[in-house]
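Comments concern the structure below.
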Amino acid sequence: YGSELKTEDLTDQEGITLKDVKEYDAKKIGEQKITAIFTTADEEEIEQEITLEVKDTKAPEITFKSETVEIALGDAIDTAANIESVKDPVDGDIVRSDDTTITENGYFVIADIKSEAGEYTVNVVAYDFNGKKSEKSYKLILKEKEQNQEGENQSVASNQGGSQTQTPSHNNGTVNNSGGQSNSSNSGGSTTTPPKKVCPNGNEPLDPNLPCDAWHPIGLDQCYRDASGNIVAFPSSKTAANWAKEVMTNDRSFDIYSTFVTAPIAKNDGTEYYGITFMK
């Protein structure tokens, strides 16, 4: 899959060289009939029809920034932040998916993290365009916050009436382990400042009424969705365009379209992606 044909791929006969190949598609999985043109040492051309099978033998490559991540208990956790890249050796970047049941063209994160200190495993599962699977994990360590000389958590102002809560959320592999309200008091009374809503990646939501991992509605109306109704999104315009060209070339169901455009879209946490609009 994705490889150019060489002489030794098609023949073990000595003294001939592959000059040209017709009807060969390096990115079409399965059996193909091609026409190979060889030349002999005397520069005589030999044309021969050959049946070959293209197989995808290279699984996606998952790279982490670190094999172990340490986070203080109570701080926000983004399990995808430690992912350096997820790429297919032939097709390039693989986009993250919200659907943990996919079996091709995407990756997702699985992590069962509780609101208590300890050592956890974060799994990343990736599939390429042809369903080739890779799986890799890294270690996430939640540590108790360091205390100051008064025995208080340094990042939490506490008194008799104060409280701290930790609420993990297992949505799309992203866990919110955010600290709760803290009250500070003096002899003149007490004040409470409502905390701003912050998404796991540290950004304020574009729409405070939507979940952080929801798609922001701007620009979604015309974006292509898969058979399950999920937005097909990519991390860059180039990656989106390459995928669109690929399906328009090899998938006959896309013959009804004549062209396409890529358009920027975003999750509610401000993470930017690109969607595709196919046009007739």
Side-chain angles (χ1 to χ4, degrees), residues 1-63 84-97 102-107 124-136 224-227 232-263 273-280:
Y1 179 73
S3 299
E4 293 184 4
L5 289 176
K6 301 173 184 173
T7 301
E8 56 267 28
D9 296 327
L10 303 179
T11 181
D12 57 3
Q13 184 175 338
E14 296 182 357
I16 67 172
T17 304
L18 180 64
K19 179 181 179 181
D20 192 17
V21 177
K22 299 178 181 178
E23 295 93 33
Y24 172 59
D25 188 343
K27 289 191 175 183
K28 183 178 180 182
I29 297 295
E31 190 175 280
Q32 298 183 36
K33 287 187 177 181
I34 65 168
T35 300
I37 301 174
F38 300 96
T39 57
T40 67
D42 298 328
E43 297 187 354
E44 177 187 357
E45 290 192 356
I46 302 173
E47 186 173 306
Q48 184 174 359
E49 186 177 87
I50 299 174
T51 300
L52 55 80
E53 184 177 4
V54 177
K55 293 183 178 181
D56 188 351
T57 59
K58 299 178 181 178
E61 299 170 348
I62 303 169
T63 305
E84 183 73 39
S85 64
V86 181
K87 294 183 177 182
D88 179 81
V90 176
D91 294 315
D93 291 336
I94 297 176
V95 70
R96 183 179 174 187
S97 175
I102 61 169
T103 55
E104 61 181 22
N105 190 24
Y107 77 89
V124 178
V125 182
Y127 293 90
D128 64 16
F129 285 116
N130 302 308
K132 200 77 175 177
K133 179 183 178 183
S134 285
E135 190 168 354
K136 192 174 181 180
Y224 175 75
R225 297 172 183 263
D226 62 20
V232 177
F234 299 86
S236 69
S237 178
K238 182 179 179 180
T239 306
N242 288 342
W243 179 83
K245 291 176 184 176
E246 181 76 18
V247 297
M248 289 186 72
T249 300
N250 298 313
D251 191 334
R252 298 280 71 85
S253 65
F254 284 80
D255 286 350
I256 61 174
Y257 303 111
S258 61
T259 187
F260 68 88
V261 295
T262 63
Y273 296 88
Y274 282 83
I276 302 169
T277 301
F278 291 98
M279 295 178 289
K280 297 182 178 180

| query | Can Thr17 and Thr39 be said to form a side chain to side chain donor-acceptor pair (under 3.5 Å), step by step? | reply | CA-CA 5 Å; Thr17 304; Thr39 57; 4.7 Å; no
| said: Go through it in stages, so that I can follow the logic: the residues are Glu49 and Thr35, the test is side chain to side chain donor-acceptor pair (under 3.5 Å), and I'd like the CA-CA distance, side-chain angles, deciding distance and then a yes or no. | reply: CA-CA 4 Å; Glu49 186 177 87; Thr35 300; 5.1 Å; no
| field | Intermediate values then yes/no, side-chain contact (heavy atoms from CB on, under 4.5 Å), Ile16 and Thr11 | value | CA-CA 9 Å; Ile16 67 172; Thr11 181; 3.8 Å; yes
| said: Under the criterion side-chain contact (heavy atoms from CB on, under 4.5 Å), I'd like the reasoning laid out for Met248 against Phe260: C-alpha separation, chi angles, the key distance, then a yes or no. | reply: CA-CA 9 Å; Met248 289 186 72; Phe260 68 88; 3.6 Å; yes
| field | Check against side-chain contact (heavy atoms from CB on, under 4.5 Å), Val86 and Val95 | value | CA-CA 8 Å; Val86 181; Val95 70; over 6 Å; no
| message | Walk me through whether Tyr1 and Asn130 qualify under side-chain contact (heavy atoms from CB on, under 4.5 Å). | response | CA-CA 10 Å; Tyr1 179 73; Asn130 302 308; 3.3 Å; yes
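Applying the ring-ring contact (aromatic ring centres under 6.0 Å, His included) test to Tyr273 and every residue at least two apart in sequence or in another chain returns Trp215. Applying the side chain to side chain contact (heavy atoms under 4.5 Å, CB included) rule to Ala26 yields the partners Tyr24; only residues at least two apart in sequence or on another chain are considered. For Glu31, the side chain to side chain contact (heavy atoms under 4.5 Å, CB included) partners are Thr51, not counting sequence neighbours. In this structure, Tyr274 has no ring-ring contact (aromatic ring centres under 6.0 Å, His included) partners at least two apart in sequence or on a different chain. The salt bridge (Lys or Arg N to Asp or Glu O under 4.0 Å) check on Lys133 picks up Glu135, with sequence neighbours excluded. Lys27 is linked by a side-chain hydrogen bond (donor to acceptor under 3.5 Å, both in side chains) to Asp91, counting only residues two or more places apart in sequence or in another chain. Listed by chain and residue number, Tyr224, Phe254, Tyr257 satisfy the ring-ring contact (aromatic ring centres under 6.0 Å, His included) test with Phe278 (two or more places apart in sequence, or in another chain). For Glu84, there are no side-chain hydrogen bond (donor to acceptor under 3.5 Å, both in side chains) partners two or more places apart in sequence or in a different chain. Considering only residues two or more places apart in sequence or on other chains, Asn105 meets the side chain to side chain contact (heavy atoms under 4.5 Å, CB included) condition with Phe129, Trp243. For Glu45, the side-chain hydrogen bond (donor to acceptor under 3.5 Å, both in side chains) partners are Lys19, not counting sequence neighbours.
Here Lys58 contributes atom NZ and Asp56 contributes atom CG; the two are 9.0 Å apart, rounded to the nearest 0.5 Å. Expressed to the nearest 0.5 Å, how far CD of Gln48 lies from CZ of Phe38 amounts to 6.0 Å. With values rounded to the nearest 0.5 angstrom, Ile29 atom CD1 is found 10.0 Å from Lys55 atom NZ. The distance from the CG atom of Asp128 to the CD atom of Glu61 is 11.0 Å, given to the nearest 0.5 Å. Taking CG from Asp226 and OG from Ser97, the interatomic distance works out to 8.0 Å, rounded to the nearest 0.5 Å. If you take OG on Ser258 and NZ on Lys280, they are separated by 10.0 Å, rounding to the nearest 0.5 Å.
By the neighbour-count criterion of 12 heavy atoms within 6.0 Å, atom NZ of Lys87 is sparsely surrounded, having that number or fewer from other residues, nucleotides or ligands.
For the pair Pro60 and Ile94, the tightest heavy-atom approach, listed with the atom from each and the gap, is CB-CD1, 3.6 Å. Among all heavy-atom pairs drawn from Ile276 and Ala240, the shortest one is CD1-O, 3.3 Å. Across Val54 and Gln32, no two heavy atoms sit closer than the pair CG2-NE2, 3.3 Å. Counting all heavy atoms, side chain and backbone alike, Ser237 lies closest to Thr262 at OG-OG1, 2.8 Å.
In this structure the side chain of Asp88 never reaches within 4.5 angstrom of the side chain of Asp93, judged on heavy atoms. With contacts defined as side-chain heavy-atom distances shorter than 4.5 Å, the pair Leu18/Leu10 qualifies.
Side-chain atoms of Thr40 come within 3.5 Å of backbone N or O of Glu44 as a donor-acceptor pair.
Here salt bridge (charged side-chain N to carboxylate O under 4.0 Å, His left out) pairs that include residues 2-13, with residues two or more places apart or in two chains, number zero. Residue pairs that meet the salt bridge (charged side-chain N to carboxylate O under 4.0 Å, His left out) test with at least one member in residues 242-255, sequence neighbours left out, are Arg252-Asp255.
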